[in-house]
Amino acid sequence: MSLFQSFNINTSGMTAQRFRMDVISQNVANVTTTRTEDGTPYRRRIVTFSEKQVTPFSKVLHNARQGYLGNGVKVSEVKEDTSTDFVMKYDPSHPDADENGYVSYPNVNIITEMTNMIDASRSYEANITAFETTKAMAMKGLELGK
């Protein structure tokens, strides 16, 4: 694997984690949004990653023999979390309350979002560390060439 390919893998990871942090921030910002443009409460969004340029195993094995491994990561989709229900709170004075006085709040759990934010932050830091290590190896190689 070349040093430049390593840089590309690390930067794709950093870009994906930054995007994930943006989506988490959007979830946290909308924790009390009871009405969106379509009239329903905000739904939590989830980011899914996938490998760039998925190749069959035979090609991966062939490429691994030639020192070529991986291409990084990409955001494959951002979907709404439909597996968890909205949070129902009794507040008959709220303008979005139903006929029974309950308001549907978004299915955003602050603890889950903060845990995901810490995870994304640590993943971003790991990519920075790998990038810096690769950069140090390249600099050392240049120093040896003097």
Check whether any side-chain heavy atom of [X] lies under 4.5 Å from a side-chain heavy atom of [Y], and answer yes or no.
{"X": "Q17", "Y": "F49", "result": "yes"}
{"X": "Y124", "Y": "R20", "result": "no"}
{"X": "S50", "Y": "E77", "result": "no"}
{"X": "N30", "Y": "P106", "result": "no"}

Donor-acceptor contact present, side-chain [X] to main-chain [Y], <3.5 Å:
{"X": "R45", "Y": "R43", "answer": "yes"}
{"X": "D91", "Y": "A97", "answer": "no"}
{"X": "T48", "Y": "S76", "answer": "no"}

Give, for atom [atom1] of [X] and atom [atom2] of [Y], the distance between the pair rounded to the nearest 0.5 Å.
{"X": "Q26", "Y": "E113", "atom1": "CD", "atom2": "CD", "answer": "10.5 Å"}
{"X": "D22", "Y": "N27", "atom1": "CG", "atom2": "CG", "answer": "11.0 Å"}
{"X": "T11", "Y": "R18", "atom1": "OG1", "atom2": "CZ", "answer": "11.5 Å"}

* Verify the cluster assignment for Y42 and M114: are they in a single hydrophobic cluster under the rule of side-chain heavy atoms below 4.5 Å apart? =>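 Both belong to a single hydrophobic cluster.
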* Name of the residue among I24, V23, N107 meeting side-chain contact (heavy atoms from CB on, under 4.5 Å) with R44 ->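 Exactly one option meets the side-chain contact (heavy atoms from CB on, under 4.5 Å) with R44, and it is N107.
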* To do: Please determine which of T133, T134, T129 meets the side-chain contact (heavy atoms from CB on, under 4.5 Å) test together with N10.
  => T134
At their closest point, which heavy atom of [X] faces which heavy atom of [Y], and how far apart are they?
{"X": "M21", "Y": "S121", "answer": "SD-N, 4.2 Å"}
{"X": "Y105", "Y": "F86", "answer": "O-CB, 3.2 Å"}
{"X": "V73", "Y": "S12", "answer": "N-OG, 3.0 Å"}
{"X": "D81", "Y": "T84", "answer": "OD2-OG1, 2.9 Å"}
{"X": "S104", "Y": "M88", "answer": "OG-SD, 3.1 Å"}

* Answer with yes or no whether the side chains of N100 and Y90 bring together a donor and an acceptor at under 3.5 Å. => no
* Asked: More than 12 foreign heavy atoms under 6.0 Å from CD1 of I111: is that the case here?
  -> no
* To do: Please report the C-alpha distance between T34 and H94 in whole Å, then the side-chain angles of each, then the deciding distance to 0.1 Å, and finally whether the side chain to side chain contact (heavy atoms under 4.5 Å, CB included) criterion is met.
  => CA-CA 10 Å; T34 58; H94 194 283; 3.5 Å; yes
